[in-house]
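Worksheet: one structure, shown below.
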Amino acid sequence: QVQLVESGGGLAQAGGSLRLSCLVSGRTFSGIAMAWFRQAPGKEREFVAVITRTGARTDYADSVKDRFTISRDNAKNTVYLQMSSLKPEDTAVYSCAASTAVIGLTTPNVYSTWGQGTQVTVSS
């Protein structure tokens, strides 16, 4: 059974940085695409970033483009989300997700496995 465990959330000031990590266990990490989604209180879950199986391609939500960077280390079974120039509107629970799909990777319904989420709070 695939398990995803996030870490690295916390409190940051506006303009600051945080790095989230997601450790994957239970299957071949290099065979799955990985993404980050977030959900703020009272809002729908939204796509943040995705990285393909080999790491050759990434995609970002417009709201985080040029501020967030997704990466993966297949030797460590870990995907990262480096968040910089944080804004109060980035405050949310961030979850990583795994998918064997090759298309539609910005939509949550192609992801079969989710982590428990980690809280990110950005103060102004």
Side-chain angles (χ1 to χ4, degrees):
Q1 183 174 352
V2 181
Q3 288 189 321
L4 310 180
V5 179
E6 301 101 335
S7 60
L11 178 65
Q13 290 189 332
S17 299
L18 284 173
R19 189 177 81 156
L20 306 183
S21 300
C22 175
L23 176 63
V24 180
S25 61
R27 72 156 293 153
T28 303
F29 180 64
S30 60
I32 51 177
M34 296 295 301
W36 289 93
F37 289 80
R38 67 186 182 186
Q39 187 166 20
K43 294 188 176 182
E44 296 288 318
R45 180 163 53 192
E46 66 171 343
F47 165 76
V48 175
V50 63
I51 187 165
T52 54
R53 301 175 183 188
T54 63
R57 188 165 59 89
T58 58
D59 196 10
Y60 298 90
D62 288 343
S63 59
V64 307
K65 203 168 291 185
D66 299 326
R67 298 190 298 121
F68 290 10
T69 302
I70 190 171
S71 62
R72 64 190 295 159
D73 185 337
N74 285 356
K76 296 182 178 180
N77 283 13
T78 302
V79 63
Y80 304 97
L81 185 69
Q82 177 67 48
M83 305 184 294
S84 303
S85 301
L86 284 163
K87 304 176 181 180
E89 51 264 43
D90 293 320
T91 295
V93 174
Y94 285 70
S95 299
C96 61
S99 175
T100 57
V102 295
I103 60 173
L105 291 173
T106 61
T107 56
N109 59 355
V110 305
Y111 291 87
S112 57
T113 306
W114 294 79
Q116 82 286 354
T118 185
Q119 177 70 47
V120 170
T121 303
V122 183
S123 63
S124 57

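Just so we're clear, the structure is a prediction, and the values are computed from it rather than from any experiment.
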Q) Within a radius of less than 6.0 Å around CG of N109, do more than 12 heavy atoms belonging to other residues, nucleotides or ligands occur? A) yes
(Q) Is the positively charged end of R72 above the ring of Y80, judged by distance under 6.0 angstrom from the centroid and angle within 45° of the axis? (A) no
Q. Would a 4.5 Å heavy-atom cut-off, applied to side chains only, mark V50 and W36 as touching?
A. no
Q) Could you go step by step and tell me if S30 and R53 meet the side-chain contact (heavy atoms from CB on, under 4.5 Å) rule? A) CA-CA 6 Å; S30 60; R53 301 175 183 188; over 6 Å; no
Q: Start with the C-alpha distance between V24 and V2, add both sets of side-chain angles, then the distance that settles side-chain contact (heavy atoms from CB on, under 4.5 Å), and finish with yes or no.
A: CA-CA 7 Å; V24 180; V2 181; 4.1 Å; yes
Q. Should F47 and L86 be counted in the same cluster of Ile, Leu, Val, Met, Phe, Trp and Tyr side chains packed under 4.5 Å apart?
A. no
Q) Counting only heavy atoms not in Q13, do more than 12 sit closer than 6.0 Å to its CD atom? A) no
Q: Using a cut-off of 6.0 Å, state whether more than 12 heavy atoms not belonging to Q3 lie near its atom CD.
A: no
Q: Could you tell me how the ring of Y111 sits relative to the ring of F37: parallel (under 30°), tilted (30 to 60°) or perpendicular (over 60°)?
A: perpendicular
Q. At what distance, to the nearest 0.5 angstrom, does OG1 of T52 lie from CZ of R57?
A. 6.0 Å
Q. Nearest 0.5 Å, what's the OG-CZ distance between S84 and R67?
A. 9.0 Å
Q | Derivation of the side-chain contact (heavy atoms from CB on, under 4.5 Å) call for Y60 and T69 | A | CA-CA 8 Å; Y60 298 90; T69 302; 3.8 Å; yes
(Q) To the closest 0.5 Å, what do you measure between CG (D59) and CD1 (I70)? (A) 10.0 Å
(Q) Per the side-chain hydrogen bond (donor to acceptor under 3.5 Å, both in side chains) rule, what does the pair list look like for residues 91-106, sequence neighbours excluded? (A) R38-Y94
**Q.** Intermediate values then yes/no, salt bridge (Lys or Arg N to Asp or Glu O under 4.0 Å), D62 and K65
**A.** CA-CA 5 Å; D62 288 343; K65 203 168 291 185; 3.2 Å; yes
